[in-house]
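Worksheet for the structure shown next.
Start at 1 and go down the list; that is how both ligands and their atoms are numbered.
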Amino acid sequence: DEARMEWWQDARFGMFIHWGIYTVPAGFYNGEAQTNSAEWIMNKGKIPVAEYEKFADEFNPTKFNADEFVALAKQAGMKYMIITAKHHDGFSMFDSKATDYNIVDATPFKRDILKELSIACQEQGLKFGFYYSQAQDWHHPGGLGNSWDKSFERVSSDAYVYEKALPEVKQLLTEYGPISNFWWDTPREMTKSVVDSLHHITTALQPWIITNDRLGDDYPGDHKTFERNGPRHQPEAKYWELCQPVSGSWGYRSDDDNFKSIPTLIHNLIDQSSKGGNYLLNVSPTREGILRTEAVERMKAIGAWMDTNSEA
Ligand code: JFZ
């Protein structure tokens, strides 16, 4: 285990990416700002499944360039990248074989951005991993979290896992090269057997993988994840990570001007790493596939600080 965790413990800094079709409404539904992190808009706006699906028709991030994205992370001094393969909205950001509700089959873009990023990361020497919302899925009739849409008949959570989550996780672990991390999120009432299955295929298919602590009760994972710094969150755990969005929202929203200052970001990085933790900093690509200039500026400034202050 020590050997498996070694690169991660040395890494100190990683890029988190929240990206999905919620960048089309970008925080606004029926002209009204939804007061929440943008990737929650379907839930907060109680948007019916059939209506939310239409955002996929308009998702066409033609300005996306995986090489440039990975190069920027490297320039910032980041050592690994974790991207949302599927968030709570249930939309798969890769060429899923389990559902057509994915970036290749359901959008005019038709490109598998996870494949493109996995290749770019391998070429440029960055570790690459996935965020996956295993319990909440507001699109599948058995996924947890969608109680506002009564237009379809519900199936069991187990049925959802066997039809969608397990096959997708398996595909992500077998068709995208070496996967450094699996970042589960929001464990909810799932049966022990499906949680066990998710855990077992993950470690069996990628024995070197590192997982966080959000799969389910019986699984502490390899490291803890925290969202806010401060004394309460300085853990006693050996392996831990602080994750934060560079601005106010995880997913892109058009009115988000709440960017953390460059000194704050550098402070957070030093603060976490000096205490033995990692800092997973989230950026939010737009519906066009690019980052806001404020975010790019910040990545470059952190990189410049690293260059002047590193010993190598
Ligand atoms: C979850 C997601 O719901 C959210 O959209 C985002 O992906 C974030 C990284 O993770 O939100 C959480 C999960 C756990 C806590 C807070 C927000 N927590 O434990 O404090």
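- From the protein, the heavy atom lying nearest to atom 20 (O) of ligand 1 is R228 NH1, 3.9 Å.
- In this structure R4 satisfies the salt bridge (charged side-chain N to carboxylate O under 4.0 Å, His left out) test together with D1, D222, sequence neighbours excluded.
- The side-chain tip of K86 does not point at the ring of F91 from less than 6.0 angstrom away and within 45° of straight on.
- Here W184 and Y131 keep their ring centres 6.0 angstrom or further from each other.
- Interface atoms of ligand 1 facing H87, defined by a heavy-atom separation under 4.0 Å, are 4 (C), 5 (O), 6 (C), 7 (O).
- Here D185 has side-chain heavy atoms under 4.0 Å from ligand 1, and that is the only part of it that gets that close.
- In this model, no donor atom of one side chain and acceptor atom of the other lie less than 3.5 Å apart for Y219 and D213.
- In terms of protein heavy-atom proximity, atom 6 (C) of ligand 1 is closest to H18 NE2, 3.4 Å.
- What sits closest to atom 17 (C) of ligand 1 on the protein, heavy atoms only, is E227 OE2, 3.2 Å.
- Ring centers of Y162 and Y160: at least 6.0 Å apart, outside the cut-off.
- Of all atoms in ligand 1, listed by their number and element, those nearer than 4.0 Å to a heavy atom of W40 are 2 (C), 3 (O), 4 (C), 5 (O).
- What sits closest to atom 3 (O) of ligand 1 on the protein, heavy atoms only, is H88 NE2, 2.8 Å.
- Closest to atom 18 (N) of ligand 1, if we only count protein heavy atoms, is R214 NH2, 3.9 Å.
- Residue contact check: Y131 has heavy atoms under 4.0 Å from atoms 7 (O) of ligand 1.
- A donor and an acceptor atom, one from each side chain of Y279 and Q244, are located under 3.5 Å apart.
- The protein heavy-atom contact nearest to atom 4 (C) of ligand 1 is E39 OE2, 3.4 Å.
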Donor-acceptor pairs under 3.5 Å, side chain of residues 297-304 to any protein atom, not counting sequence neighbours: which ones?
| unit_1 | atom_1 | unit_2 | atom_2 | d |
| --- | --- | --- | --- | --- |
| R298 | NE | K260 | O | 2.6 |
| R298 | NH1 | E294 | O | 2.9 |

